[in-house]
Structures are given as structure tokens and as C-alpha cells.
Amino acid sequence: MTTVFKFGGASIRDAAAIRHLGELLAGVRTRPLVVVVSAMGKTTNALEALLAAARRGDNADYRTRLERLRHDHLATVEALFGDRAAPVTKRAAALFEELDRRHQCYRGEARPFHYDQTIGFGELLSSTIVNAWLNEIGVASDWHDARELVITDDCHQAANVDWRATTERIRGLGIAGDAVVLTQGFIGGTPEGISTTLGREGSDYSAAIFAHCLDAEEVVIWKDVPGLFNADPRRFTNAVQLERITYDEAIELAWHGAKVIHPKTLAPLRQKAIPLVVRSFEKPDAPPSIIAAEGPDAAIPAFILAEEQALVELHPRDFSFMDEPRLHDIFGRLAKAGLHAGLVDSGAARLSLCLDAHPARLDPLVASLACDYSLERYDALTLLTVRHPTDALLSALSGTRTILAERCNATTAQRLFLGSECPATWQIPS
Ligand code: ADP
Ligand code: ASP
Ligand code: MG
């Protein structure tokens with residue numbers, strides 16, 4: 001049975017990290033193996049900034065950014081291959097030429113389409129370099145273009161998978177025996193061959209797609225943390241690693257914003273009872289976290305912080321209620337803007353929404369809502385979500401903070417605090 005490995009940006013951020021990945025793959029006997037890689041380091045952010053420069057028509061900024069990206073990737077190739085770099089350099093340089101050509105060609109098109117034709121180049125570059133490196137060190141691997149395997153609709157920037165077509169394509173590879181298949185996360189393509197993307201941080205989801213289609217034995221996502229914790233270990237000094245949790249609990253954590261796993265990753269795995277293992281890239285032998293159908297009986301409290309949040313409060317302009325037609329209108333606009341409300345609270349003539357304060361997405365939505373509703377907006381807020389809360393935990397975490405909105409049901413409590421304390425660290429109360 002096939003195993004799927006996924007390596008995120010941090011685990012292939014430079015030549016040393018790629019060497020480490022090579023040693024890791026050479027050392028594990030797991031075969032056949034599908035390896036899904038993200039873009040190197042923060043390349044996707046850099047590609048988004050390049051896209052913005054192209055769309056602004058700021059040619060000087062565009063050229064500087066393109067040159068920096070080209071320089072960084074070619075420097076990694078040089079550091080890895082030394083005097084044997086020429087063939088890989090040639091392939092990477094050709095990808096940069098194609099990227100530049102696409103920007104010239106698509107800068108007048110709608111942004112989501114332009115985005116999908118260019119942002120996936122981070123994964124195309126990283127997978128080209130990693131594949132060449134694996135072959136260099138004797139781990140024979142075959143590079144495959146995920147745009148021809150993960151078949152989607154044309155909902156650009158959040159494409160939906162056509163499971164039947166994708167299963168047919170992926171199974172058509174005939175992966176067996178000692179095969180190592182190397183491919184890209186995050187990207188797909190329409191049946192007509194137009195590039196699409198699955199949403200930011202979507203490489204975890206790509207790994208799940210391959211695993212689901214291949215009835216894989218397990219998916220391992222290699223991270224810069226030892227596993228899944230009951231809170232982000234970088235923010236909560238006393239977070240504890242979860243040895244085993246259920247798909248359902250992990251889905252809740254991801255859905256509420258735990259950045260460690262893309263929320264769409266778990267459902268395709270749960271359907272086929274394929275375990276998801278979260279392991280340390282730096283310490284491969286450290287005990288991992290396992291997400292599977294069975295978990296511990298007792299519910300463990302877990303904590304999710306979302307910073308840089310905005311609260312948008314809407315009231316009808318006339319004397320009407322915040323009724324279904326209005327809710328339908330407002331949530332329709334949210335969906336169109338690709339925004340998810342982390343907390344929703346409503347009253348007879350009020351709707352409060354807590355949203356990511358992502359200027360490119362939120363500002364146009366707020367402007368459009370302000371035309372039809374009376375609107376107030378509060379910025380620099382922090383949303384804390386607690387799974388399996390107790391009153392004592394909630395009051396200790398809230399302390400003297402000002403609460404702007406809150407919500408609580410049997411399993412989850414949320415509090416929206418005034419202030420964004422980034423990069424403050426938090427303590428889980430004992
Ligand atoms: P990738 O390189 O695979 O994209 P990510 O950066 O998306 O990795 O995910 C790893 C990061 O997720 C960690 O560095 C950690 O700070 C953060 N994180 C957030 N919540 C959690 C959690 N509950 N458990 C572990 N890590 C978490
Ligand atoms: N490279 C993409 C991103 O940064 C996908 C991923 O890393 O999962 O969003
Ligand atoms: Mg990620």
C-alpha cells in the first residue's frame with residue numbers, strides 16, 4: 001500500500017533543508033511513496049507580492065521581486081549541485097521565463113484567474129529542485145505535474161476537486177513496487193488544462209487527495225513542530241502534544257483556525273479511515289501525533305488564537321429585522337469575497353461578524369456592505385476559541401481583557417478580545 005508524505009515550506013526552505021529531506025527519504029524504507037511538496041520557505045508570499053506589483057503596473061518593483069526570487073532559487077540549485085547545476089538551473093530558469101510570460105499575458109484578466117496562472121510556480125520550482133536532488137543522491141523519483149492529476153472546477157483560488165476524474169488520473173500513474181513519485185501540493189487543473197489552486201496552505205489537502213484516491217496506508221505531514229498540540233506551541237508556553245486524536249476533533253481544531261493542518265485535509269482521510277500522522281521534520285524519530293477514527297475517551301481542552309481580527313457590526317438601515325433575506329444577502333457577499341466569519345452573533349436588528357482583517361479581501365467587502373447597512377468596524381482584535389472549555393479556564397484566560405463578543409455551546413467557547421498582543425505568549429491555566 002502506498003504512503004503519502006507531505007513536506008511544507010519550512011522543511012525545504014534552503015539547500016541544507018533539502019539535503020536533510022534527501023537523507024530522511026533515503027533512510028526510510030516506506031515504498032511505494034508519494035511525496036507532496038509545498039513551495040520553498042515563504043515563496044508563495046513573495047509570489048503574491050509579485051502578482052500585486054504586476055497588477056499595479058509597477059514594473060520596477062515587479063522586476064526587482066522577480067529577480068530576487070530567481071536569484072534565491074538559483075542560489076539553492078548552485079549550493080546543492082555545485083558544478084553539476086547546469087541542467088537543473090536550465091529547468092528552473094525556464095520556469096521563471098514561463099512565469100514572466102504568464103504575468104505579461106494575464107495582468108489584464110480577473111485577479112483570481114491571474115493568481116492561479118502564476119502563484120503555483122513556487123511548487124513547480126521546489127518540486128523540480130527536490131526531484132533533481134533526490135535523483136542526484138540515488139533516491140530514484142519521478143516528477144509529476146499535479147495540474148494534470150488533481151482535476152478541479154474553475155473556481156479560481158478555491159478550486160473544488162472532481163474526485164472521479166482525479167482518482168482516474170492518479171490511479172492511472174500505476175504507482176507500485178519501489179516507486180517514489182514527487183509532486184506539488186496546492187495546485188490542480190481543470191479538465192481543459194487551466195491551472196487552479198486549492199487555497200493558501202492547501203498542500204496538506206493535496207496530500208489527503210492523493211491518499212484518498214490511492215487508498216493509501218497513511219499520510220505523514222512533516223512539520224517544524226513534533227506533532228499536533230492542544231495549542232500552538234509557539235504561542236502557548238505550556239502547550240502539550242496530543243498523542244492521538246479523532247478526525248472529528250482535529251477537524252474542529254482546523255476549522256476554528258489551528259494553522260497546523262488545512263481544514264479540508266481530514267474529511268477525505270476519515271472517509272477511508274486513513275490515519276494522518278504529524279511528525280517532526282527535525283527529529284524524525286520523536287513520537288508523532290496520530291489523527292484517526294479512535295481517540296482518547298476524555299475530551300482534552302484545546303486553544304486556538306486568531307490575531308488581527310476585525311469585528312463588523314451591521315444593522316438594517318430601515319426599521320426591518322436582521323431576517324433571513326438580509327442574512328442571505330450578507331453571507332452571500334462573504335462567500336463571494338472568500339471570507340469566513342470566525343464568530344457570528346445576531347440580534348433582532350444586528351449581525352456581528354468576526355473576520356480576518358485581510359485588507360485586500362475585507363476592505364472591499366466592508367465598502368460594499370456599508371452601502372446597504374449601517375456599519376461599525378473595530379480592528380486589532382484577538383479571537384480565542386476554546387474546545388471543551390470550563391468556566392474556570394475561560395475566566396483565567398480572559399483575565400482583565402475587554403470582551404467585545406462571545407459565543408458558547410456544549411463543546412466550544414469563543415471570546416473576542418480588544419487588542420492584538422502579538423507576539424505575546426499565553427499560558428494555559430492549570
Ligand atoms: P507547513 O510547513 O507544513 O506549511 P505550517 O507552518 O502550516 O507548516 O504548520 C506548522 C505550524 O503550525 C507550527 O510552526 C506551529 O507554530 C503552528 N501551529 C498552530 N497551532 C498548532 C497546534 N495546535 N499544534 C502544533 N502546531 C501548531
Ligand atoms: N505554498 C502554499 C502556501 O504557502 C501551499 C502550502 O504551503 O500549503 O499557501
Ligand atoms: Mg502549512
Side-chain angles (χ1 to χ4, degrees), residues 4-14 17 21 35-49 51 69 115-116 118-127 130 146 150 157-159 183-188 196-209 219-243 245 249-265 276-282 286 288-289 291 300-307 358 384-387 422-423 425-426 428:
V4 179
F5 280 2
K6 179 252 162 171
F7 293 92
S11 52
I12 50 167
R13 64 181 176 277
D14 54 20
L21 179 149
V35 179
V36 174
V37 293
S38 303
M40 289 172 58
K42 302 277 177 221
T43 301
T44 309
N45 292 350
L47 284 164
E48 285 190 350
L51 174 86
L69 272 168
Y115 185 103
D116 277 5
T118 52
I119 301 296
F121 273 70
E123 273 71 9
L124 293 171
L125 283 157
S126 64
S127 60
V130 171
V150 177
Q157 287 195 257
T183 192
Q184 310 80 34
F186 180 53
I187 58 175
T196 55
T197 60
L198 305 173
R200 284 301 307 265
E201 300 290 329
S203 296
D204 296 336
Y205 182 37
S206 300
I209 295 168
V219 176
V220 183
I221 52 178
W222 298 88
K223 296 269 176 189
D224 57 359
V225 281
L228 185 64
F229 283 63
N230 69 337
D232 184 344
R234 297 190 197 288
R235 303 305 313 282
F236 286 77
T237 47
N238 55 346
V240 291
Q241 187 176 339
L242 306 169
E243 271 171 38
I245 69 164
E249 187 59 27
I251 287 173
E252 289 290 339
L253 297 181
W255 168 253
H256 283 106
K259 296 246 183 294
V260 64
I261 303 170
H262 188 278
K264 284 186 172 175
T265 309
L276 176 65
V277 182
V278 183
R279 268 190 187 285
S280 163
F281 173 67
E282 275 137 31
S289 298
I291 303 164
I300 303 160
F303 308 84
I304 302 140
L305 268 188
E307 270 143 338
H358 190 297
L384 173 72
T385 301
V386 183
R387 291 278 299 158
C422 198
T425 47
W426 291 55
I428 299 171

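In listed order, ligands and their atoms are each counted from 1. All values below were derived from every heavy atom in this structure, side-chain atoms included, with hydrogens, water molecules and symmetry-related copies excluded. All values reported here derive from a predicted model rather than from experimental measurement.
Distance check: T237 OG1 to I428 CD1 gives 8.0 Å after rounding to the nearest 0.5 Å. Taking OG of S203 as the reference point, atom CD of E123 lies at 5.0 Å (rounded to 0.5 Å). Between atom OG1 of residue T425 and atom CZ of residue F236 there is a gap of 9.5 Å, rounded to the nearest 0.5 Å.
When the heavy atoms of R235, K223, Q241, R13 are ranked by distance to atom 5 (P) of ligand 1, first place goes to K223. Relative to atom 16 (O) of ligand 1, the option among D232, V240, I304 with the closest non-hydrogen atom is D232.
Contact atoms of ligand 1 toward G9: 2 (O) (distance under 4.0 Å to a heavy atom of the residue). Atoms of ligand 2 found under 4.0 Å from any heavy atom of F186, numbered from 1 in the order shown, are 2 (C), 5 (C). Near S203, meaning under 4.0 Å from any of its heavy atoms, are these atoms of ligand 2: 5 (C), 6 (C), 7 (O), 8 (O). Close approach of ligand 1 to P233 is summarised as follows: ligand atoms under 4.0 Å from at least one heavy atom of the residue are 24 (N), 25 (C), 26 (N), 27 (C). Which parts of ligand 2 touch S38 is read off a 4.0 Å heavy-atom cut-off, strictly below it: atoms 6 (C), 7 (O), 8 (O). Interface atoms of ligand 2 facing E201, defined by a heavy-atom separation under 4.0 Å, are 3 (C), 5 (C), 6 (C), 8 (O), 9 (O). Interface atoms of ligand 1 facing E201, defined by a heavy-atom separation under 4.0 Å, are 4 (O), 7 (O). Near G8, meaning under 4.0 Å from any of its heavy atoms, are these atoms of ligand 1: 1 (P), 2 (O), 3 (O).
The shortest side-chain heavy-atom distance between L305 and D232 does not fall under the 4.5 Å cut-off. E307 has its side chain within reach of R235: a pair of non-hydrogen atoms, C-beta onward, lies under 4.5 Å apart. You'll find the side chain of F121 stays beyond 4.5 Å of the side chain of L69, heavy atoms only. R387 places a side-chain heavy atom less than 4.5 Å from the side chain of L253. Residues L276 and I221 have side chains in contact (heavy-atom distance under 4.5 Å, counting atoms from C-beta outward). Within the 4.5 Å cutoff, no side-chain heavy atoms of F186 are placed close to those of V36. Inter-residue side-chain proximity for S206 and Q184 is flagged as unmet; no heavy-atom pair is nearer than 4.5 Å. Looking at heavy atoms from C-beta onward, D204 lies out of side-chain contact with V219 at the 4.5 angstrom threshold.
Sorting the N, O or S atoms of E201 by how far they are from the Mg ion (ligand 3) puts OE1 first.
Using a 4.0 angstrom heavy-atom cutoff, S38 does not count as in contact with ligand 1. Contact analysis puts E123 in contact with ligand 2, with a non-hydrogen atom separation below 4.0 angstrom. Proximity of G227 to ligand 1 is established by a heavy-atom distance of less than 4.0 Å. The shell of residues lying under 4.0 angstrom from ligand 2, judged by heavy atoms, excludes G122.
By the 30° and 60° cut-offs, the orientation of the rings of W222 relative to F7 is parallel.
The distance criterion of under 3.5 Å between nitrogen or oxygen atoms is not met by V225 with respect to ligand 1. Between D224 and ligand 1, at least one pair of N/O atoms sits closer than 3.5 Å. Considering backbone and side-chain N/O atoms, D204 never comes within less than 3.5 Å of an N/O atom of ligand 1.
For atom 4 (O) of ligand 2, the nearest protein heavy atom (residue, atom name, distance) is R200 NH2, 3.0 Å. Of the protein's non-hydrogen atoms, the one nearest atom 23 (N) of ligand 1 is F229 O, 3.1 Å. Closest to atom 27 (C) of ligand 1 among all protein heavy atoms lies V260 CB, 3.5 Å.
Shortest non-hydrogen contact noted between V260 and L228 is CG1-CD1, 3.2 Å.
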